[in-house]
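The model shown is predicted, which means the values in this text are computed figures rather than measured ones.
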Amino acid sequence: MGLCVTGGAAMTCSFGMAPSVLNVLPAAQVMSAMPLACIADTIPFTNIAPFGMCQSMANPAVAAATAAAMGVLTPMPCTPVPAGPWTPGVPQVLVGGKPAVNDTCKLTCSYGGMIQFTNSGCPTVQL
């Protein structure tokens, strides 16, 4: 059983070079001190802020910069590209009609990164 995730939860990406935070919009959401997250909170730059610089060769910007640097890995600014919803979600708890997210959920980036929580933003509520 994991902790519920709220807006402001800290995240990392396996190919990112800096942590980020989850932004949850309050519209049609369940509110605690911060809005609770659902599996659909995956919109780049709205819900998922960039993770600093990206090191994934699947990212076209990184691949082009690395090729220009004669094969030396050259990180480029992160552009999150979520490949689906947060998984697995918590189907027993609905937030805005969609399953809630707990701190064990993960999100895959189309560039190969795995996004996961380092802090749920909600230290006391378990789902």
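Nearest heavy atoms, Gly16 versus Gln55: O-NE2, 4.1 Å. Shortest non-hydrogen contact noted between Val95 and Cys38 is O-CB, 3.7 Å. For the pair Pro82 and Ile48, the tightest heavy-atom approach, listed with the atom from each and the gap, is CG-CG1, 4.4 Å. The shortest non-hydrogen separation linking Ala49 to Ser20 is O-OG, 2.9 Å. Taking all atoms of both residues into account, the shortest heavy-atom contact from Leu22 to Ala37 is CD2-CB, 3.8 Å. Pro91 approaches Gly89 most closely through the heavy-atom pair CD-O, 3.5 Å.
For Ala10, the side chain to side chain contact (heavy atoms under 4.5 Å, CB included) test picks out Thr118, Asn119, with sequence neighbours left out. Applying the side chain to side chain contact (heavy atoms under 4.5 Å, CB included) rule to Thr87 yields no partners; only residues at least two apart in sequence or on another chain are considered. Residues passing the side chain to side chain contact (heavy atoms under 4.5 Å, CB included) test with Cys78 are Pro50, Phe51, Cys54, Pro80, sequence neighbours excluded. Taking Ala83 as the reference, Ser110 meet the side chain to side chain contact (heavy atoms under 4.5 Å, CB included) condition, with sequence neighbours excluded.
Annotation: side chain of Met114 is in contact with side chain of Thr108 (closest heavy-atom distance under 4.5 Å). For the pair Pro19 and Met11, the minimum side-chain heavy-atom distance is 4.5 Å or more. Between Val101 and Phe117, the closest side-chain pair of non-hydrogen atoms falls below 4.5 Å. Taking 4.5 Å as the limit, every side-chain heavy atom of Asn47 sits out of range of all side-chain heavy atoms of Thr42. Inter-residue side-chain proximity for Val21 and Asn23 is flagged as met; some heavy-atom pair is nearer than 4.5 Å.
Note: Asp41 CG to Ile43 CD1 = 7.5 Å, rounded to the nearest 0.5 Å. Distance check, rounded to the nearest 0.5 Å: CD of Gln116 to SG of Cys13 gives 9.5 Å. Here the CH2 atom belonging to Trp86 is positioned 11.0 Å from the OG1 atom belonging to Thr104, to the nearest 0.5 angstrom.
No donor-acceptor pair under 3.5 Å is formed between the side chain of Ser120 and the backbone N or O of Asp103. Judged by distance alone, with hydrogens and angles left aside, the side-chain atoms of Ser56 form no donor-acceptor pair with the main-chain N or O of Gly112 at under 3.5 Å.
Residues Ile115 and Phe15 do not share a hydrophobic cluster, defined by chaining ILVMFWY side chains whose heavy atoms lie under 4.5 Å apart.
Applying the side chain to side chain donor-acceptor pair (under 3.5 Å) definition to pairs two or more places apart or across chains, none involves residues 63-85.
Through direct or indirect side-chain contacts shorter than 4.5 Å among Ile, Leu, Val, Met, Phe, Trp and Tyr, Met76 is connected to Met57, Val62, Leu73.
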